[in-house]
Amino acid sequence: MADDIDMEKPVEKSTVSNDCVVKSEKMFSLKRWNAVAMWSWDVECEICAICRVQVMDACLRCQAENRNDKEQEECVVIWGECNHSFHNCCMKLWVKQNNRCPLCQQEWSVQRIGK
C-alpha cells in the first residue's frame, strides 16, 4: 500500500555569502512520493533450526509434499517459553521424540502460535 504525496513547494538552491542568504534557481521539485514498507515475523532468529528454512516460508516437509496454499497456511510459526521460534509442523514432529527446545534444551512449552 503506497501513499502518494504531492509536494507543492519546490526545493530551492541557496548560497551563503558574507552572512547573506541568496536564493537562486530551483535544483529540483518533488512531484510524487511512493512509500515502501517491509515486514517480517517478530522472531529473534528468522531460520527454523529444525528444517533450516526461513520461518516466513513453508517448512521443507510442506514444500516437498506440494501442499496447496491453504494447507501451507497451517505451517505457521510457534514460539516457546524460551522465545525460540520454529515451524509448527517441524516442532510437532520434534516434540514426539524429545520434549525439549532444539536450541537451548529447556523443557518445551508453547508461548504462542502465530500466523
**Q** Within a strict 4.5 Å, meaning less than it, do heavy atoms of the His84 and Cys104 side chains meet?
**A** yes
**Q** Tell me, with the steps shown, if Lys92 and Lys96 meet side chain to side chain contact (heavy atoms under 4.5 Å, CB included).
**A** CA-CA 7 Å; Lys92 282 181 185 177; Lys96 288 179 183 177; 5.6 Å; no
**Q** Measure the spacing between CH2 of Trp79 and CZ of Phe86 and express it to the nearest 0.5 Å.
**A** 12.0 Å
**Q** Taking all non-hydrogen atoms of both residues, which atom of Val77 and which atom of Ser85 are closest, and how far apart?
**A** CG1-CB, 3.7 Å
**Q** To the closest 0.5 Å, what do you measure between CE (Met91) and CD1 (Ile50)?
**A** 5.0 Å
**Q** Can you find a pair of side-chain heavy atoms, one from Cys89 and one from Cys62, that are under 4.5 Å apart?
**A** yes
**Q** If you define the side chain from C-beta out and look only at heavy atoms, does anything of Asn98 sit under 4.5 Å from Val95?
**A** no
**Q** Going by heavy atoms in the side chains, are Gln106 and Arg100 under 4.5 Å from each other?
**A** no
**Q** Give, for atom SG of Cys48 and atom CH2 of Trp94, the distance between the pair rounded to the nearest 0.5 Å.
**A** 10.0 Å
**Q** Is the closest side-chain heavy-atom distance between Glu81 and Trp108 below 4.5 Å?
**A** no
**Q** Do the non-hydrogen side-chain atoms of Val53 and Cys59 ever get within less than 4.5 Å of each other?
**A** no
**Q** Do Cys75 and His87 have side chains that approach each other closer than 4.5 Å (heavy atoms only, starting at C-beta)?
**A** yes
**Q** Decide yes or no for Val55 and Ile47: does some side-chain heavy atom of the first lie under 4.5 Å from some side-chain heavy atom of the second?
**A** no
**Q** Could you measure the distance from the CG atom of Leu60 to the CZ atom of Arg52? Nearest 0.5 Å is fine.
**A** 11.0 Å
**Q** Give, for atom CZ of Arg112 and atom CD1 of Ile78, the distance between the pair rounded to the nearest 0.5 Å.
**A** 11.0 Å
**Q** So, Gln63 side chain and Ala58 main chain: donor-acceptor pair closer than 3.5 Å or not?
**A** yes
